[in-house]
Colleague: 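Attaching a single structure in structure tokens format; questions to follow.
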Amino acid sequence: MSKVIYYVAATIDGYIADPSDSLDWLMRHELEPGGTNDYESFLGTVGAIVMGATTYEWVLTHGPWGYELPAWVMTHRELPLPQETATGAAADIRFSQAEIRQVHQEMLVAAKGKDLWVVGGGDLAGQFADAGLLDEILLSTAPVTLGAGRPVLPRRLDLELLETARNGAFAAARYRVLGQLQEDRSAG
Ligand SMILES: NC(=O)c1ccc[n+]([C@@H]2O[C@H](COP(=O)([O-])OP(=O)(O)OC[C@H]3O[C@@H](n4cnc5c(N)ncnc54)[C@H](OP(=O)(O)O)[C@@H]3O)[C@@H](O)[C@H]2O)c1
């Protein structure tokens, strides 16, 4: 059964980008191959990806499109397709503003049993959580604070810590999403 995984790197104060969408603070550090949350191993488990418009625009501005997987880009706007891809093959991208459950169904078909990666941002991961569809968070915390920026996951959720380890400069952790924060469930 395919899982929906939010694989992401954040600062210790909970931001995935600075207020001007810069990731320079993150690019100074690398996850080591073979360690917990290492990118290549994770990518091997993924069959489809989804990202928001800001993340897509960041990717377009920073080099060729590097994803060979079927990708969904959530947007209300008409955005350009990548001019270049890392392999030279056409990028496999659909722009969508469909309801998250429908996007999830479409991704499941494309992923053929592999997991689904919510690339970001945080609110999009939150939309999957709102729909009860977010299974795990693979969080790599960089030794950085920013004081402000794009939040990693602006929701109130209970999580279960499944694994934690050091990977290079990062604190690498894996969490299972249990659902709405216990206190909110009790109140509701
Ligand atoms: N540190 C990391 O690992 C990491 C990972 C991912 C992203 N990032 C960075 O974090 C930042 C994230 O930016 P962000 O917080 O603005 O989030 P985002 O999810 O990348 O973009 C948000 C935009 O996506 C569109 N969108 C989201 N949900 C939608 C829906 N259900 N239907 C239609 N459109 C939808 C809307 O754009 P429109 O309505 O304008 O089209 C919305 O304003 C970016 O700078 C990105 O590069 C960092």
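We count ligands from 1, going down the list as the structure has it; atoms in each ligand are counted the same way. All heavy atoms count here, side chains included; hydrogens, waters and symmetry mates do not.
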Colleague: Mark yes when over 12 heavy atoms from residues, nucleotides or ligands other than E30 sit less than 6.0 Å from its CD; otherwise mark no.
Modeller: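 No, CD of E30 has 12 or fewer neighbouring heavy atoms, counting only those of other groups under 6.0 Å.
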Colleague: Is it the case that ligand 1 has an N or O less than 3.5 angstrom from some N or O of L124?
Modeller: no
Colleague: Near V8, which atoms of ligand 1 are under 4.0 Å from a heavy atom of that residue?
Modeller: 2 (C), 3 (O), 5 (C)
Colleague: Any protein heavy atom sitting closer than 4.0 Å to atom 2 (C) of ligand 1?
Modeller: yes
Colleague: In the protein, which heavy atom is nearest to atom 23 (C) of ligand 1, and how far is it?
Modeller: A53 N, 3.7 Å
Colleague: Polar-atom distance check: I100 versus ligand 1, any N or O pair below 3.5 Å?
Modeller: no
Colleague: Relative to the heavy atoms of A9, which atoms of ligand 1 are at a distance of less than 4.0 Å?
Modeller: 1 (N), 2 (C), 3 (O)
Colleague: Could you check whether any side-chain N or O of D115 sits under 3.5 Å from a backbone N or O of K3, counting only pairs where one atom can act as donor and the other as acceptor?
Modeller: yes
Colleague: Among protein heavy atoms, which sits nearest to atom 41 (O) of ligand 1, and what does the distance come to when rounded to 0.1 Å?
Modeller: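 So the nearest neighbour among protein heavy atoms is T75 OG1, 2.5 Å.
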Colleague: Any atoms of ligand 1 less than 4.0 Å from a non-hydrogen atom of L26? List them with their elements.
Modeller: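 Near L26, the atoms of ligand 1 are 1 (N).
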Colleague: Assess whether atom CD of Q83 is packed by more than 12 heavy atoms of other residues, nucleotides or ligands within 6.0 Å.
Modeller: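 No.
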Colleague: Which bit of M51 is near ligand 1, meaning a heavy atom under 4.0 Å away: side chain, backbone, both or neither?
Modeller: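 Contact part for M51 vs ligand 1: neither.
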Colleague: What residue and heavy atom of the protein are closest to atom 25 (C) of ligand 1, and at what distance?
Modeller: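 Answer, as residue, atom name and distance: M74 O, 3.2 Å.
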Colleague: Which ligand 1 atoms does V119 reach within 4.0 Å, using its non-hydrogen atoms?
Modeller: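 Answer for ligand 1: 5 (C), 6 (C).
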Colleague: Would you mind telling me which of R94, M51, H104 makes a side-chain contact (heavy atoms from CB on, under 4.5 Å) with W72?
Modeller: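 Passing option: R94.
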Colleague: Could you check atom 18 (P) of ligand 1 against the protein and tell me its nearest heavy-atom contact, residue, atom and distance included?
Modeller: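 Here the closest protein heavy atom is G121 N, 3.4 Å.
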Colleague: Report yes if Y56 has an N/O atom closer than 3.5 Å to an N/O atom of ligand 1; otherwise report no.
Modeller: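 N/O-N/O distance under 3.5 Å: no.
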Colleague: Taking W117 as the starting point, is it possible to reach Y175 by hopping between hydrophobic residues whose side chains are less than 4.5 Å apart?
Modeller: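 No, Y175 and W117 fall in different hydrophobic clusters.
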Colleague: Indicate, as side chain, backbone, both or neither, the part of V59 found under 4.0 angstrom from ligand 1 when only non-hydrogen atoms are considered.
Modeller: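 Neither part.
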Colleague: What residue and atom, counting heavy atoms only, is the protein's closest point to atom 39 (O) of ligand 1, and at what distance?
Modeller: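 Here the nearest protein heavy atom works out to H76 ND1, 2.6 Å.
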Colleague: So is there a nitrogen or oxygen of Q97 less than 3.5 Å from a nitrogen or oxygen in ligand 1?
Modeller: no
Colleague: Measure the distance from atom 9 (C) of ligand 1 to every protein heavy atom, then report the residue, atom name and distance (to 0.1 Å) of the closest one.
Modeller: A17 CB, 3.8 Å
Colleague: Suppose we screen for side-chain hydrogen bond (donor to acceptor under 3.5 Å, both in side chains). Which residues come up paired with Q180, at least two apart in sequence or across chains?
Modeller: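 Applying side-chain hydrogen bond (donor to acceptor under 3.5 Å, both in side chains) to Q180 gives none.
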Colleague: Please check: side-chain N/O of R166 versus main-chain N/O of G168, any donor-acceptor pairing under 3.5 Å?
Modeller: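 Answer holds: yes.
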Colleague: So, does D123 sit close enough to ligand 1 that a heavy atom of it is under 4.0 Å from the ligand?
Modeller: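 The answer is no: ligand 1 sits nowhere under 4.0 Å from a heavy atom of D123.
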Colleague: Report yes or no: do Y39 and F170 belong to one cluster of Ile/Leu/Val/Met/Phe/Trp/Tyr joined by side chain heavy-atom distances under 4.5 Å?
Modeller: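 Same hydrophobic cluster.
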Colleague: Taking F95 as the starting point, is it possible to reach Y67 by hopping between hydrophobic residues whose side chains are less than 4.5 Å apart?
Modeller: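 Y67 and F95: one cluster.
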Colleague: Give a yes or no on whether V177 and V118 share a hydrophobic cluster (residues Ile, Leu, Val, Met, Phe, Trp, Tyr; joining criterion: side-chain heavy atoms under 4.5 Å apart).
Modeller: yes
Colleague: Do F42 and M107 belong to the same hydrophobic cluster, where Ile, Leu, Val, Met, Phe, Trp and Tyr are linked whenever their side-chain heavy atoms lie under 4.5 Å apart, directly or via other members?
Modeller: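 Each belongs to a different hydrophobic cluster.
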Colleague: I'd like to know whether CD of E163 has more than 12 heavy-atom contacts from other residues, nucleotides or ligands below 6.0 angstrom.
Modeller: yes
Colleague: Hey, are R176 and E136 close enough for a salt bridge, meaning a charged N less than 4.0 Å from a carboxylate O?
Modeller: no
Colleague: Does the protein place a non-hydrogen atom closer than 4.0 angstrom to atom 43 (O) of ligand 1?
Modeller: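 No.
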Colleague: Is R77 near ligand 1, meaning one of its heavy atoms is under 4.0 Å from it?
Modeller: yes
Colleague: Is it true that R185 and D158 have a side-chain N and a carboxylate O under 4.0 angstrom from each other?
Modeller: yes
Colleague: Can you list the atoms of ligand 1 that are under 4.0 Å from a heavy atom of Q127?
Modeller: 27 (C), 28 (N), 29 (C), 30 (C), 31 (N)
Colleague: Quick one: does T145's side chain have a donor or acceptor within less than 3.5 Å of a partner on G147's backbone?
Modeller: no
Colleague: Can you pull out the closest protein heavy atom to atom 21 (O) of ligand 1? Residue, atom name and distance to 0.1 Å, please.
Modeller: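 The closest one turns out to be T54 OG1, 3.0 Å.
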Colleague: Under 4.0 Å from a heavy atom of G120: which atoms of ligand 1 are those, numbered in the order shown and with their elements?
Modeller: 6 (C), 19 (O)
Colleague: Answer yes when R155 and D123 have at least one side-chain N-carboxylate O distance shorter than 4.0 Å, and no when they do not.
Modeller: yes
Colleague: Any nitrogen or oxygen of G122, side chain or backbone, less than 3.5 Å from one on ligand 1?
Modeller: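 Between G122 and ligand 1, no N or O pair is found under 3.5 Å apart.
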Colleague: Provide the number and element of each atom of ligand 1 under 4.0 Å from a heavy atom of D21.
Modeller: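 Counting from 1, the qualifying ligand atoms are 11 (C), 44 (C), 45 (O).
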Colleague: Examine I16 against ligand 1 and note whether any of their N/O atoms are separated by less than 3.5 Å.
Modeller: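 Right, the criterion is met.
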Colleague: Among protein heavy atoms, which sits nearest to atom 7 (C) of ligand 1, and what does the distance come to when rounded to 0.1 Å?
Modeller: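 The closest one turns out to be T55 OG1, 3.2 Å.
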